[in-house]
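Beneath this line is the structure, given in structure tokens, with notes to follow.
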Amino acid sequence: MGLLDAILGRSKPVRPDLDQLFAVPSAALTLQAATGFTPTGRGSVCFAGVEGGGFARLQEDVRDLLDADTERGGVPVEFSRDAYGYTWLLATHPADDTAGLVNDLHAVNTMLQDGGFGPHLLCSLIGFRDAEGRALALVYLYKRGTFYPFAPLPGDAEKRDNQLELQVRGALGDDLRVEKDLSRWFPVWGAPGL
């Protein structure tokens with residue numbers, strides 16, 4: 001960062017730290033104890049779609065890697081595209097295998113990053129539910145290297161449970177690098193894995 005950047009208030013972008021994802025299994029235990037939310041075993045990675053043979057091959061490599069255990073009862077990964085044109089990869093594990101799910105999400109992010117598609121990565125999320133059936137996601141912002149909670153209210157209306165999100169932020173502040181800028185807590189309505 002140069003002198004001009006400092007004078008103009010520009011900051012150096014945070015480098016993604018994918019190893020932050022490995023903190024999620026222990027954070028899940030804290031989350032369960034503090035709020036009653038437990039992992040669903042579903043998680044996803046969102047990235048901007050890229051056309052071309054190189055990206056298509058990488059996408060197939062990701063599918064081959066994550067589907068390697070389907071013959072032993074594993075659930076195949078699913079790719080989908082949302083209304084905004086972003087591609088989502090959904091991985092599913094048993095609810096008690098948060099570590100396995102995180103390993104898969106980390107592998108996808110790493111493969112895309114190492115394949116030169118890091119700038120296209122947007123976020124990863126891990127889904128949770130409580131006894132009442134309320135949904136919660138821990139969202140990892142790739143470009144910020146931080147997490148934030150996303151808690152949609154039940155029903156069709158796109159409304160959030162802000163009180164729950166702030167409660168989760170307080171509970172997980174020692175376990176995860178939580179995004180301080182609340183304006184970056186973007187809604188991920190209808191995200192696979194939520």
Would Leu176 and Leu138 count as a side chain to side chain contact (heavy atoms under 4.5 Å, CB included) if you check the C-alpha gap in whole Å, the side-chain angles of each, and the deciding distance to 0.1 Å? CA-CA 10 Å; Leu176 298 175; Leu138 291 180; 4.0 Å; yes
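- Remark: the backbone N or O of Leu121 is paired with a side-chain donor or acceptor of Lys143 at under 3.5 angstrom.
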Test side chain to side chain contact (heavy atoms under 4.5 Å, CB included) on Leu31 and Phe128 and set out the steps. CA-CA 9 Å; Leu31 184 62; Phe128 293 82; 3.7 Å; yes
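- If you chain together hydrophobic residues whose side chains sit under 4.5 Å apart, Leu182 and Trp189 fall into the same group.
- Counting heavy atoms from C-beta outward, Lys180 and Thr146 have side chains that stay 4.5 Å or more apart.
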Would Tyr140 and Gln20 count as a side chain to side chain contact (heavy atoms under 4.5 Å, CB included) here? Give the steps. CA-CA 9 Å; Tyr140 176 74; Gln20 291 295 314; 4.0 Å; yes
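- To the nearest 0.5 Å, atoms CG (Leu125) and SG (Cys46) are separated by 8.5 Å.
- You'll find the side chain of His120 stays beyond 4.5 Å of the side chain of Leu112, heavy atoms only.
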Run the side chain to side chain contact (heavy atoms under 4.5 Å, CB included) test on Arg129 and Leu136 for me, step by step, so that the C-alpha distance in whole Å, both residues' side-chain angles and the decisive distance to 0.1 Å come before the verdict. CA-CA 6 Å; Arg129 292 234 182 253; Leu136 172 73; over 6 Å; no
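- A search for side chain to side chain contact (heavy atoms under 4.5 Å, CB included) contacts involving Asp61 returns Met111, not counting sequence neighbours.
- Note that CD of Gln167 and CG of Asp161 are 8.5 Å apart. Values are rounded to the nearest 0.5 Å.
- In this structure, Trp185 has its ring center at least 6.0 angstrom away from the ring center of Phe147.
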Pair Glu165, Tyr148 - check side chain to side chain donor-acceptor pair (under 3.5 Å), show working. CA-CA 8 Å; Glu165 291 176 355; Tyr148 68 90; over 6 Å; no
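- Heavy atoms only, all atoms of each residue included: Ser44 and Pro192 are closest at OG-O, 2.7 Å.
- Closest heavy-atom contact between Ala27 and Leu172: O-CD2, 3.4 Å.
- Sequence neighbours left out, the pairs with a member in residues 182-194 that pass salt bridge (charged side-chain N to carboxylate O under 4.0 Å, His left out) are Asp181-Arg184.
- Annotation for Tyr86: atom OH does not count as buried by contact number, only 12 or fewer foreign heavy atoms lying within 6.0 Å.
- In terms of modelled atom types and a separation under 3.5 Å, the side chain of Thr40 and the main chain of Gly127 share a donor-acceptor contact.
- Two residues are said to be in side-chain contact when any heavy atoms from C-beta on lie closer than 4.5 Å; Pro149 and Leu164 fail this criterion.
- When all heavy atoms are compared, the tightest approach of Ala95 to Pro39 is CB-O, 3.5 Å.
- Counting only N and O atoms by type, the side chains of Asn109 and Ser124 include a donor and acceptor under 3.5 Å apart.
- Judged as a side chain to side chain contact (heavy atoms under 4.5 Å, CB included), and not counting sequence neighbours, the contacts of Asp19 are Asp17, Phe22, His106.
- Formation of a donor-acceptor pair under 3.5 Å by the Ser26 side chain with backbone atoms of Ala23 is found in this model.
- With a 4.5 Å cut-off on side-chain heavy atoms, Glu78 and Leu89 do not count as touching.
- Cluster membership for Leu153 and Val168, using ILVMFWY side-chain heavy atoms within less than 4.5 angstrom, is not shared.
- Leu29 is not connected to Leu101 by any chain of hydrophobic side-chain contacts under 4.5 Å among Ile, Leu, Val, Met, Phe, Trp and Tyr, and they are in different clusters.
- The heavy-atom pair separating Leu21 from Pro25 by the smallest distance is O-CD, 4.0 Å.
- Within the 3.5 Å criterion, the main-chain N or O of Ala48 finds no donor-acceptor partner in the side chain of Thr87.
- Atom CG of Leu141 sits about 6.5 Å away from atom SG of Cys123, to the nearest 0.5 Å.
- Criterion: ILVMFWY side-chain heavy atoms under 4.5 Å apart, direct or through other members. Under it, Phe186 and Trp88 are part of a common hydrophobic cluster.
- The closest side-chain heavy-atom distance from Pro187 to Phe150 is below 4.5 Å.
- The shortest distance between side-chain heavy atoms of Phe47 and Leu122 does not fall below 4.5 Å.
- Residues Leu90 and Arg42 form a side-chain contact, since some pair of their non-hydrogen atoms from C-beta on lies under 4.5 Å apart.
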